[in-house]
Asks: 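Provided herewith is a single structure, encoded as structure tokens, for subsequent inquiry.
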Protein chains: 2
Amino acid sequence: MRISAKADYAVRAALELAAAQDDGPIKTEAISKAQGVPHKFLESILNDMRRGGLVISQRGGQGGYRLAAPAESITVADVIRVVDGPLVSVRGERPPELTYTGPAESLLPLWIAVRANVRAILSEVTLADVAAADLPEHIHRLTELPEAWTNP
Amino acid sequence: MRISAKADYAVRAALELAAAQDDGPIKTEAISKAQGVPHKFLESILNDMRRGGLVISQRGGQGGYRLAAPAESITVADVIRVVDGPLVSVRGERPPELTYTGPAESLLPLWIAVRANVRAILSEVTLADVAAADLPEHIHRLTELPEAWTNP
DNA sequence: AGTATCCCTATCGTCTTGATAGAGAATGTG
DNA sequence: CACATTCTCTATCAAGACGATAGGGATACT
């Protein structure tokens, strides 16, 4: 299960915008430096977010980007979907599009369960939550078990 | 969050082997036909699983592959890790290897929570569970909400 | 007018997925 | 023993996605 560089960069850029919500537009270059993301790559990501209606752009001096809605109303899942398509995909398809036969028949409900558990995190957390370092309680609890931080 | 074709195919092949655990070795060709997986691609996947100690191969007539351990003791996560590396990765790295700064600092605990929730499914379900279409109760419950089956 | 910034297109290298081919090693059967 | 079968390994090829870089065009502020 891989989260793409594009998704990671997009969320980080969105968080920078969330943190500066009331300070006017932020330049690509400023986000790129703050988060260590390749400048031109970030530019195309912000463009995707603009086309997806997540951010608003402003050209010219004092231009840049700002969120199109309050950070409290945008979830991390919203950002990932705009730049990467479906939140969870198997072989490039969404789980409901898959068909399995024989002993693999119950693989479909398994992927559905995985997706439900991923949604339970990413669709419940907003940009404001992350930017304020204040995750919802039931999610914060998942990070408190030491084994959550270790690789198997 | 993408599950690769390789991982999907590997689990399906492992399920075919689980279902025929006591019938002697199964040929690549038989699995390929039963699951509709490209023959030569499957060959390299089974090879990865052999090198990972998950299956045992047998050459010659009446040869093929069989599981190296009881299906009850192999989880879906075991299979995915052998063919694809870490269960969850961000930009190709495991979450604990990542460092975030500024308003993105709480992104790390968020990815950790996602990984914990994915593990809670894939490390808890064995090949025997899926092959018998009998998922553990707490996982089966996730698939019973109708909204788990719909795309947003 | 001039400068800053977004916007668009093109290009490049790598990885993934998938197909195909061929030679070598091991095993069971006649 | 000879042979057919099947895994094993290597190699190549091609389309597509992913990650990243470069240059020039359009727009808006000063």
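Model, not experiment: these values are computed from the prediction. When reading the values below, keep in mind they use all heavy atoms of this one structure, side chains included, and skip hydrogens, waters and symmetry mates. So you know, we letter chains A, B, ... as the sequences are listed, proteins then strands, and number each from 1.
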Asks: Would one find a side-chain N or O of A/Tyr9 under 4.0 angstrom from OP1 or OP2 of D/dA20?
Replies: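 So the side chain of A/Tyr9 is within the cut-off, an N or O lying under 4.0 Å from OP1 or OP2 of D/dA20.
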Asks: Among D/dG23, D/dG19, D/dT8, which is the nearest nucleotide to the side chain of B/Asn47?
Replies: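 Comparing D/dG23, D/dG19, D/dT8 against the side chain of B/Asn47, the answer is D/dT8.
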Asks: Are A/Ser89 and A/Glu97 side-chain neighbours, meaning at least one heavy-atom pair lies under 4.5 Å?
Replies: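 No; the side chains remain at least 4.5 Å from each other.
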Asks: For a 4.5 angstrom cut-off between non-hydrogen side-chain atoms, does A/Ile139 reach A/Asp129?
Replies: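 A side-chain contact under 4.5 Å is absent here.
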Asks: Once you apply a heavy-atom cut-off of 4.0 Å, does B/Phe41 come out as touching a base, just sugar-phosphate, or nothing?
Replies: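 If one applies the 4.0 Å heavy-atom cut-off, B/Phe41 turns out to touch the sugar-phosphate alone, with no base involved.
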Asks: Remember a base hit wins even if backbone is also touched, and classify B/Gly64 as base, sugar-phosphate or nothing at under 4.0 Å, heavy atoms.
Replies: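 Sugar-phosphate, no base atom in range.
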Asks: Side chain of A/Arg59, heavy atoms from C-beta onward: which of D/dG25, D/dG19, D/dG23 has the nearest atom to it?
Replies: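 Minimum distance to the A/Arg59 side chain belongs to D/dG25.
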Asks: Under 4.5 Å between any side-chain heavy atoms of A/Ile31 and A/Val37, yes or no?
Replies: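 Sidechains of A/Val37 and A/Ile31: no contact.
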Asks: Just to confirm, is there a sub-4.0 Å distance from OP1 or OP2 of D/dC7 to any side-chain nitrogen or oxygen of B/Arg51?
Replies: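 No, outside the criterion.
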Asks: Would you indicate what A/Arg91 reaches in the nucleic acid, counting non-hydrogen atoms under 4.0 angstrom: base, sugar-phosphate, or nothing?
Replies: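 Counting heavy atoms under 4.0 Å across all strands, no contact is made by A/Arg91.
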Asks: Quick one: is D/dC7 close enough that its OP1 or OP2 comes under 4.0 Å of any side-chain N or O from B/Arg66?
Replies: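 False: B/Arg66 side-chain N/O out of range (4.0 Å or more) of D/dC7 OP1/OP2.
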Asks: Just to be sure I understand the rule, does A/Gln58 reach a base, reach only the sugar-phosphate, or reach nothing, if contact means heavy atoms closer than 4.0 Å?
Replies: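 A/Gln58: backbone/sugar contact only, no base atoms under 4.0 Å.
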Asks: With heavy-atom distances below 4.5 Å as the criterion, would you say the side chains of B/Trp111 and A/Thr143 are in contact?
Replies: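 B/Trp111 does not reach A/Thr143 side chain to side chain.
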Asks: Using a 4.0 Å cut-off to any heavy atom of chain B, which nucleotides of DNA chain C are the first and last in contact, reading 5' to 3'?
Replies: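 The protein-touched segment is C/dT17 to C/dG28.
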Asks: Determine the contact category for B/Lys27: base if any of its heavy atoms lies under 4.0 Å from a base atom, sugar-phosphate if only primed atoms, P, OP1 or OP2 are that close, otherwise nothing.
Replies: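 Result for B/Lys27 = sugar-phosphate.
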